[in-house]
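Computed from a prediction, not measured in an experiment: that's the story for all the values here. We count ligands from 1, going down the list as the structure has it; atoms in each ligand are counted the same way.
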Amino acid sequence: MSALAAILRARIAAAGPMPLDAYMAECLMHPAHGYYSTRDPFGAAGDFVTAPEISQMFGELLGLSLAQAWADQGAPAPFTLAELGPGRGTLMADLWRAVRVVPGFREAARMVLVETSPALRAVQARTLAAAGAAPQWAAEAAALPEGPLFAIANEFFDALPIRQFRRGPAGWHEVQVGLEDGALAFGLSPPGPCPDPRFAADPEGSVVEIAPAAAPVIEALAARIARHGGAALVIDYGGWRSRGDTLQALRGHRPEHPLAHPGEADLTAHVDFEALARAAPALAARGPVAQGLLLTRLGIAARAARLEQGLAGAQRESHRAALARLTAPEEMGSLFRAMALHPPAAPPPPGFG
Ligand code: SAH
């Protein structure tokens with residue numbers, strides 16, 4: 001049994017079942033035993049692979065879209081260039097190299113990485129130093145500086161804890177983590193009111209999810225963008241309004257039961273883009289557009305061809321495979337989607353028009 005499993009069992013035995021978001025928060029961010037607090041989970045040796053780790057093209061093209069949005073808004077200087085949940089820092093490093101071609105962008109940018117994990121902050125520091133950048137860190141979006149803000153978040157919102165509800169004959173039951181014969185087990189709360197008016201007409205048997213931490217993050221970004229200009233690009237898997245049980249656990253690239261190894265598996269849920277857009281009523285929301293379509297609009301075919309010129313043999317094959325993984329509908333191309341938030345008076349970032 002993991003150390004965290006023992007801690008959670010003792011707590012539940014003493015205080016009763018905990019809602020799913022409290023369980024997820026402990027699993028992902030417990031200071032000593034949390035999944036992200038303690039490790040670098042990315043890549044072939046880790047538990048999952050993300051788009052920036054597949055190819056530099058991802059960070060380059062999204063970075064150029066963000067930089068064009070900055071230029072379209074009059075190139076405000078200085079401004080905050082932020083990433084939420086930067087992982088290894090790969091996306092930001094690729095962005096930083098690509099935006100050299102945008103006059104004034106790097107000089108005006110103050111880079112801030114929103115990251116809670118000390119282990120990943122250390123990895124990000126190394127990656128960004130190698131790319132010639134000097135980032136600062138913030139623990140949460142609310143701590144970002146006041147001023148124009150151009151921000152990006154890839155696979156960040158799927159890591160935020162969710163609450164899950166099931167509609168029964170007498171009302172909505174919240175999914176809880178409790179104990180059964182001494183082991184962690186899912187249970188249901190007594191029936192209560194509908195957790196979100198959007199789901200009021202859903203029939204009995206429906207499962208819905210809400211991520212209570214997501215709206216405050218968007219509100220923090222939107223407040224700065226609405227006041228001072230800017231844009232936020234959010235890329236993740238999910239859809240417009242979340243339906244069904246989307247909680248999943250991945251360990252060593254394999255799905256497993258979310259209660260099997262607390263703190264040792266990545267726990268995620270689909271992102272509800274409608275909930276994000278609703279948290280920013282003062283901004284225009286574009287998309288979500290499928291990742292494959294977005295990257296195609298941003299010119300990934302030409303960029304891939306250019307990069308391929310220097311490659312041969314196995315390197316060329318893996319470059320072609322990376323292109324397919326990012327864009328093909330049966331791979332990441334349609335499951336992953338991107339949404340842009342920007343001031344209504346400003347043009348949408350390239351790819352989102
Ligand atoms: N964007 C990266 C990593 C995605 S994994 C990539 O595409 O490869 C999720 C990232 O979000 C990790 O860096 C994790 O430590 C961070 N994270 C998760 N929850 C967070 C929170 N509540 N606040 C800040 N960072 C968080």
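Residue pairs meeting the salt bridge (charged side-chain N to carboxylate O under 4.0 Å, His left out) criterion with at least one partner in residues 311-330, sequence neighbours excluded, are E308-R320. Pairs passing the salt bridge (charged side-chain N to carboxylate O under 4.0 Å, His left out) check and including a residue from residues 2-31, sequence neighbours excluded, read R11-E26.
The aromatic rings of Y237 and F336 stand perpendicular to each other, their planes meeting at an angle above 60°, with 30° marking the opposite boundary. Using bins of under 30°, 30° to 60° and over 60° for the plane-to-plane angle, the ring pair F150/F79 lands in the perpendicular bin.
Taking each heavy atom of D40 and L120 in turn, the nearest pair found is CA-CD2, 4.0 Å.
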Please tabulate, line by line, the atom pairs linking an N/O of ligand 1 to a protein N/O at a distance below 3.5 Å, with the distance in Å to 0.1, or answer 'none'.
unit_1: ligand 1; atom_1: 1 (N); unit_2: G85; atom_2: O; d: 2.7
unit_1: ligand 1; atom_1: 1 (N); unit_2: N154; atom_2: O; d: 2.7
unit_1: ligand 1; atom_1: 7 (O); unit_2: T50; atom_2: OG1; d: 3.4
unit_1: ligand 1; atom_1: 7 (O); unit_2: N154; atom_2: ND2; d: 2.7
unit_1: ligand 1; atom_1: 8 (O); unit_2: T50; atom_2: OG1; d: 2.5
unit_1: ligand 1; atom_1: 13 (O); unit_2: G87; atom_2: N; d: 3.0
unit_1: ligand 1; atom_1: 13 (O); unit_2: E115; atom_2: OE1; d: 2.6
unit_1: ligand 1; atom_1: 15 (O); unit_2: E115; atom_2: OE1; d: 3.4
unit_1: ligand 1; atom_1: 15 (O); unit_2: E115; atom_2: OE2; d: 2.6
unit_1: ligand 1; atom_1: 25 (N); unit_2: T116; atom_2: OG1; d: 3.4

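Checked against side chain to side chain contact (heavy atoms under 4.5 Å, CB included), E204 has the following partners two or more places apart in sequence or in another chain: P169.
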